[in-house]
Amino acid sequence: MSTGAHTDPAVGTFPITPVVVRLKLSLLRNGLRQSGGRRAAYVASAVVALLFAALQLTGFVALRGHAHIASVSVLAAAVLALGWAVMPLFFPSGDETLDPTRLVMLPLRPRPLVRALLTASLVGIGPLFTVLLLVGCVVSVAHGAAAYVVAVPALALALLVCVALARAVAAANIRLLTSRKGRDLAVLSGLVIAIGAQLVNFGMQRLGSAGLAQLEPAREVLQWVPPASAVGAVDAASRGSYGIAVAQLALTAAALAALLGVWARSLTRLMTSPDASTLQPADTAVRERSRSAGLTRLLPAGRTGTVMERGLRYVWRDPKTKAAWVTSLAIGLIVPVFNALQGTGSPYFACFAAGMLGIQMYNQFGQDTSAFWMVALTISSPRDAYVELRGRALALLLITLPYATLVTVVTTALLDDWARLPEVLGLSFALLGAMLATGAWTSARFPYSIPQEGFKNVAPGQTGLAWISIFGGMVAAALLCSPVIALLIWANVSAGGASLTWLLLPVGAAYGAAITFLGLRLAAPRTAARLPEILTAVSKG
């Protein structure tokens, strides 16, 4: 980027836009030449994406004239823009031209570079998908010649705002996203997808029961938020509100100008300042050591406390372990609470929290990956293996017990069914104990590797092991809970058992503790005997 050292007018006036567009095409072409599998994956994803966009376009056209189609179209444009905004955060390596640091050594000025990168951003499946979706949104609300006249600039502005938004977000965060830590944090996209799926499910159920009229308040707000305001302008022109249409178009254009300005400033700062995104200040390191010392004092002494501390550190520091935990915590709360809010839930849905968190006990050694060899060196007997497994289970219980209790209490309070609180808690504790027991055994019997890079959670060739470990263990845990379930059914259907349902809490807690102890005891000898096989399996990623 030019900062005064390059003053040749030819450099500043050379049209770089065609060069950058050709660069984008070359990167795409060379990437597809690497392997047949990559070409097949690209073609398949392109076909699926474009087919989905075509179906959406057809649906929007078919809904022309519907009373609430404007609400659907405005909301769709807003969600589309949100997708463009978060895409660089979760898929930073999806487009190599998103990384402007590759151009640091070139004598380029900010504004020509912005124009060139903006144009290059319009090449690809994503922009074509966006165009098809936006065309559907615009056509569905356009009625009359004036609306179609407004639709042309509205469509262009909406597309450019989406692209500029993605570029501005990428430029502001690119050094973090292209670092090792940033790439690992992208694994948390699974959390967003999981939570988003539940929110969409909740929203669809609400719309199914109350109708599309529920979207009207959202439309009133979003029609003034770019780029949804561009679709709102077409709708306003269809209704003859030309002043509102002009204002909404102007608002979209202003948003585009602001995004381009932010993007240009980010490029200037990015290409003229040193990279300090991965430096850890000394005071931060001191705080880390202080927190570590405080945590150690709260844990048991000896190997048990050491194993617990290691497990808790994995939860806090390792991106994939953190992603799995955060996703389980979120889904374990969302499912029972959302169903309770809709009035269709049951207190027993709270057991979902214990089930989601109990899964974290499965494949305990695979979470260590190749570092498991250091743990294996400290295991020379079944007793050592038992203490290792016990420490891991206690670290998990340190989080799962209070969380499962909290979710159960919240769900019961929302449903106002306090009479079932003891039995639901007892069932949750029994289920958690059964999953800890089966998780310890399957960790030794069916270990598999978790790749540290990328988005895969199972190394190639080990998918069958993962299915057997997780789903086989879950079926076994359900069978182990059958005595408590049978007691629960008897207490609820028997005339004399209704007054004894409170006993399910201590019975379930005692049963869960006993089955956990038994599972750890049975898994310890197998773990000690199969250390070489476990080490080989978990080191494949």
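Numbers here simply count residues along the sequence, with the first being 1.
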Does Q367 offer a backbone N or O that forms a donor-acceptor pair with the side chain of Y314 under 3.5 Å?
no
Nearest heavy-atom neighbours spanning A340 and L414
CB-CB, 3.9 Å
Approximate separation, where rounding is to 0.5 Å, of L432 CG and T400 OG1:
4.5 Å
If only atom types and distance count, is the side chain of Q248 paired as donor or acceptor with the main-chain N or O of Q223 below 3.5 Å?
yes
Using a 4.5 Å cut-off on heavy atoms from C-beta on, say whether the side chain of L160 contacts that of L260.
no
Any donor-acceptor pair under 3.5 Å from N363 side chain to Y448 backbone
yes
Ignoring hydrogens and geometry beyond distance, is a side-chain donor-acceptor pair present between T17 and T119 at under 3.5 Å?
no
Between L333 and Y403, does a side-chain contact (heavy atoms from CB on, under 4.5 Å) hold up when you go through it step by step?
CA-CA 9 Å; L333 177 65; Y403 186 79; 3.1 Å; yes
Tell me whether the count of non-hydrogen atoms from other residues, nucleotides or ligands lying under 6.0 Å of CH2 in W467 goes above 12.
no
Should P336 and V407 count as side-chain neighbours, where that means a heavy-atom distance under 4.5 Å?
yes
Between L157 and P227, is there a side-chain heavy-atom distance shorter than 4.5 Å?
no
Can you find a heavy atom in the side chain of F349 that is under 4.5 Å from one in the side chain of V337?
no
State whether the side chain of S140 and the backbone N or O of C137 hold a donor-acceptor pair below 3.5 Å, judged by distance alone.
yes
Does the pair L396 and W325 meet the rule for a side-chain contact (heavy atoms from CB on, under 4.5 Å), with working shown?
CA-CA 10 Å; L396 191 144; W325 269 94; 3.9 Å; yes
Relative to each other, are the rings of H68 and H66 parallel, tilted or perpendicular (30° and 60° limits)?
tilted
Can you confirm whether V409 sits close enough to W418 that some side-chain heavy atom of one is under 4.5 Å from a side-chain heavy atom of the other?
yes
Note, F60 side chain near V141 side chain (heavy atom, < 4.5 Å):
no
Less than 4.5 Å apart, side chain to side chain, heavy atoms only: is that true for L63 and V72?
no
If you take all heavy atoms of I244 and A236, which pair is closest and at what distance?
CG2-CB, 3.9 Å
Atom pair OG1/CH2 of T268 and W263 - distance to nearest 0.5 Å
12.0 Å
R420 vs T412, side-chain contact (heavy atoms from CB on, under 4.5 Å): CA-CA, chis, key distance, verdict
CA-CA 8 Å; R420 295 192 183 275; T412 306; 5.8 Å; no
Looking at D417, V424, L425, which hits side-chain contact (heavy atoms from CB on, under 4.5 Å) with L421?
L425
Identify the heavy atoms of A147 and S238 that sit nearest to each other, and give their distance.
CB-OG, 3.2 Å
Taking the side chain as everything from C-beta on, heavy atoms only, tell me whether L155 gets closer than 4.5 Å to L159.
no
Neighbour count above 12 (heavy atom, 6.0 Å) for R64 CZ
yes
Tell me the closest heavy-atom pair linking S346 and L415, and the distance in Å.
C-CD1, 3.4 Å
Least distance between heavy atoms, L134 atom then A158 atom
CD1-CB, 3.8 Å
